[in-house]
Amino acid sequence: MLLCCRATASPPPSPPTPSHAADPHARLRAAAARSDLPGALTAFASMPSSPSAPAAARPVLRTFTALLKLCAARADLATGRAVHAQLAARGLASESLAATALANMYAKCRRPADARRVFDRMPARDRVAWNALVAGYARNGLHEAAMEMVVRMQEEDGERPDSVTLVSVLPACANARALGACRQVHAFALRVGLDELVNVSTAILDAYCKCGAIEAARAVFDWMPVKNSVSWNAMIDGYAQNGNATEALALFKRMVKEGVDVTDATILAALQACGELGYLDEARHVHELLLRIGLKSNVSVMNALITTYSKCKRTDLAAELFNDLGNKKTRISWNAMILGFSQNGCSEDAVRLFSRMQLENVKPDSFTLVSVIPAVAEISDPMQARWVHGYSIRHHLDQDVYVLTALIDMYSKCGRVTIARGLFDSARVRHVITWNAMIHGYGSHGFGKVAVELFEEMKGTGILPNETTFLSVLAACSHAGLVDEGRRYFVSMKEDYGLEPGMEHYGTMVDLLGRAGKLDEAWLFIKDMPIQPGISVYGAMLGACKLHKNVELAEESAQRIFELGPEEGVYHVLLANIYANASKWKDVARVRTTMEKKGLQKTPGWSIIQLKNEVHTFYSGSTNHQQAKEIYARLAKLIEEIKDVGYVPDTDSIHDVEDDVKAQLLNTHSEKLAIAYGLIRTAPGTTIQIKKNLRVCNDCHNATKLISLVTGREIIMRDIQRFHHFKDGKCSCGDYW
DNA sequence: CTAGGGTTAG
């Protein structure tokens with residue numbers, strides 16, 4: 001046996017480090033090869049600097065450039081500056097080789113201005129020095145400056161760009177989305193034959209992708225006589241980033257088939273494509289592949305896999321990977337998992353994981369909060385909301401625009417629009433998304449006029465509205481019955497801002513016209529749509545037909561919806577209700593039968609109320625609550641009280657049974673149960689907050705108004721579409737929803 | 001001793 005592991009064995013011989021023979025220059029070279037900056041500094045320290053010392057022992061230019069390279073690699077600015085001082089003391093700081101290395105060091109330490117200063121002091125600048133500056137600007141996000149340097153090196157010094165110049169400046173062209181510049185570089189490369197080089201062509205291809213010129217990129221890719229992994233990765237990622245995930249995956253498969261080396265970048269690009277398409281099976285294949293080639297220890301790849309499985313709605317698989325990461329987890333891993341839970345409706349899991357992150361002392365960043373805050377918003381517990389807000393402040397992240405916007409949205413969703421407005425007013429920086437969140441907040445709470453006013457104020461600030469802004473504004477107009485304003489904004493969207501309305505905008509417009517009773521106009525609006533109307537558009541029409549009892553147009557709309565094959569039973573239910581309203585019982589039966597045949601089910605309605613730390617869920621007629629008896633008793637009393645102030649049960653949507661049974665059924669709606677329970681459990685005067693999974697029904701809406709009157713309570717009800725604030729016998733929606 | 005500058009990914 002050559003090596004023995006027994007404890008009694010003699011220690012292995014130490015590596016040959018003849019300390020006496022220590023030539024500092026050799027030691028520094030060795031340290032540099034190991035990228036060992038401290039070792040290199042020790043070696044440097046043992047070099048004599050006095051001119052009386054033997055010349056061979058004194059540091060030479062090479063010594064300093066080696067140190068600078070190490071500083072650059074580690075972004076160690078302090079040491080880099082010390083080396084700069086040493087060079088300056090010897091009058092070497094402007095020497096071509098040293099200055100170039102210095103410029104490079106500063107650029108990698110994110111100090112492009114210092115790099116420039118060194119460059120400007122050079123008496124003569126060669127191509128390499130120019131290249132260092134181009135690369136320095138490019139990697140620090142100074143795209144225009146990088147491109148300008150390429151022009152100046154030719155004009156001022158007559159230096160012809162070489163391959164390094166091109167691969168340095170191309171990322172700048174790419175990040176500046178400067179397609180024209182990309183084309184110029186490409187043309188230049190063709191002219192001087194630099195396109196033969198794989199790295200040049202790859203950089204061109206990548207820049208084309210980033211500028212959205214995916215066909216041009218593909219043409220370069222297909223032309224390239226020699227490709228490497230980077231070329232393939234850039235092309236695959238180009239497709240993934242440009243929304244063509246299908247082509248990205250196809251190319252990825254070809255790459256594997258042709259035996260090109262798959263790297264971590266390949267995997268990341270392929271996973272991105274799988275996630276975008278929600279292709280679980282493909283994601284699993286990529287997963288298997290990366291296990292085969294041993295990329296499992298790459299945390300970035302595992303993080304991407306967590307994200308991808310989450311996008312495929314498999315948080316279970318994501319969580320498994322997350323747990324397997326053990327102590328290799330980074331903050332990005334936590335963020336990915338929290339976001340995964342948050343976006344898949346697992347709000348409690350998201351918040352729990354966030355708490356665990358605190359317990360394990362992982363510092364959060366703005367991404368963490370932007371992931372967890374929507375989960376808190378979904379849970380809508382004001383206490384938790386206040387806590388996560390305080391947490392954001394403690395970690396100095398509350399003024400991050402994205403965090404702030406998430407907080408505004410969260411407070412709106414917790415029914416606290418005023419607090420949301422306070423945050424909005426205190427914001428030091430506001431993006432479009434910030435305005436959108438606030439406008440949406442007002443709109444969803446029925447403050448349509450305020451939403452519109454805020455939108456007008458936004459236009460005055462010079463911030464350009466986007467598609468989402470208009471969606472919120474149109475929805476606000478719809479909820480507040482601002483028909484003329486809505487029509488004008490819809491036109492303005494395209495004419496003044498060049499924004500193309502999407503399916504949701506059309507749906508909202510139909511909703512706006514339909515709610516206002518302009519059914520014929522809504523129908524014509526659909527007919528005039530330049531895109532094929534989707535289920536959501538006809539769904540809005542159907543809802544309006546229910547509201548205004550128009551059987552004919554309801555049938556037409558439903559017909560189109562059924563042709564489009566809806567996955568939920570809501571539209572059948574809606575149509576059946578419309579027939580029932582018109583006493584067309586045969587038709588009701590027919591719709592019910594088709595619904596059953598298609599295996600579609602009515603979504604059971606539920607309402608929840610949160611008290612202390614418990615969530616109480618009520619279904620229509622449910623009796624399984626611990627305090628069910630009390631609840632029904634309180635409800636019965638409540639119904640008597642509101643009858644005294646004019647409550648008449650709205651039994652329109654119920655049939656087949658006697659009137660008193662109808663009233664009975666209405667009285668056990670989940671909303672009413674939740675409210676009754678809230679009244680029992682909370683002190684007089686407390687606001688009651690309810691969340692309902694469907695639209696609040698007509699009768700419950702009516703009843704709740706009167707409940708707010710007789711009990712003197714404010715009741716905030718969040719349904720699938722919007723918020724209703726009930727107070728003093730009125731609702732913020734003005735009975736218009 | 002011929003040094004100093006460079007492509008994908010998050």
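Each chain gets a letter, A, B and so on, in the order its sequence line appears, and its residues count up from 1.
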Which nucleotide in the list [options] gets nearest to the side chain of [X]?
X        : options              : answer
A:Thr65  : B:dA9, B:dT7, B:dG4  : B:dG4
A:Gln241 : B:dA3, B:dA9, B:dG10 : B:dG10
A:Asp126 : B:dG4, B:dT7, B:dA9  : B:dG4
A:Val167 : B:dT7, B:dG4, B:dT8  : B:dT7

Is the closest basic N to carboxylate O distance between A:Asp36 and A:Arg34 below 4.0 Å?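 Looking at A:Asp36 and A:Arg34, the cut-off is met.
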Mind checking [X] for me? I need base, sugar-phosphate or nothing, with any heavy atom below 4.0 Å counting as a touch.
X        : result
A:Arg125 : nothing
A:Thr202 : base
A:Glu95  : nothing
A:Ala265 : base
A:Ser96  : base
A:Lys227 : nothing
A:Ala135 : sugar-phosphate

Test item: side-chain donor near acceptor, A:Tyr137 and A:Arg116, under 3.5 Å: yes
For the residue pair A:Tyr239 / A:Arg218, report whether a side-chain donor-acceptor contact shorter than 3.5 Å exists.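 Distance-only check passes for A:Arg218 and A:Tyr239.
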Could you give the [atom1]-to-[atom2] distance, from [X] to [N], as a whole number of Å?
X        : N      : atom1 : atom2 : result
A:Arg218 : B:dT8  : CZ    : P     : 20 Å
A:Asp261 : B:dT7  : CG    : P     : 20 Å
A:Arg127 : B:dG4  : CZ    : C1'   : 13 Å
A:Met302 : B:dG10 : CE    : C1'   : 16 Å
A:Asn228 : B:dA9  : CG    : P     : 14 Å
A:Arg139 : B:dG10 : CZ    : C1'   : 16 Å
A:Ile306 : B:dG10 : CD1   : C1'   : 14 Å
A:Phe221 : B:dT8  : CZ    : P     : 16 Å

Kindly give the heavy-atom pair with the smallest separation between A:Ser371 and A:Ser342, and that separation in Å. O-OG, 2.9 Å
Answer yes or no: are there more than 12 heavy-atom neighbours, outside A:Tyr402 itself, under 6.0 Å from its atom OH? no
Give a yes/no answer on whether the side chain of A:Gln272 brings an N or O atom under 4.0 Å of OP1 or OP2 in B:dT8.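 No, no such contact exists.
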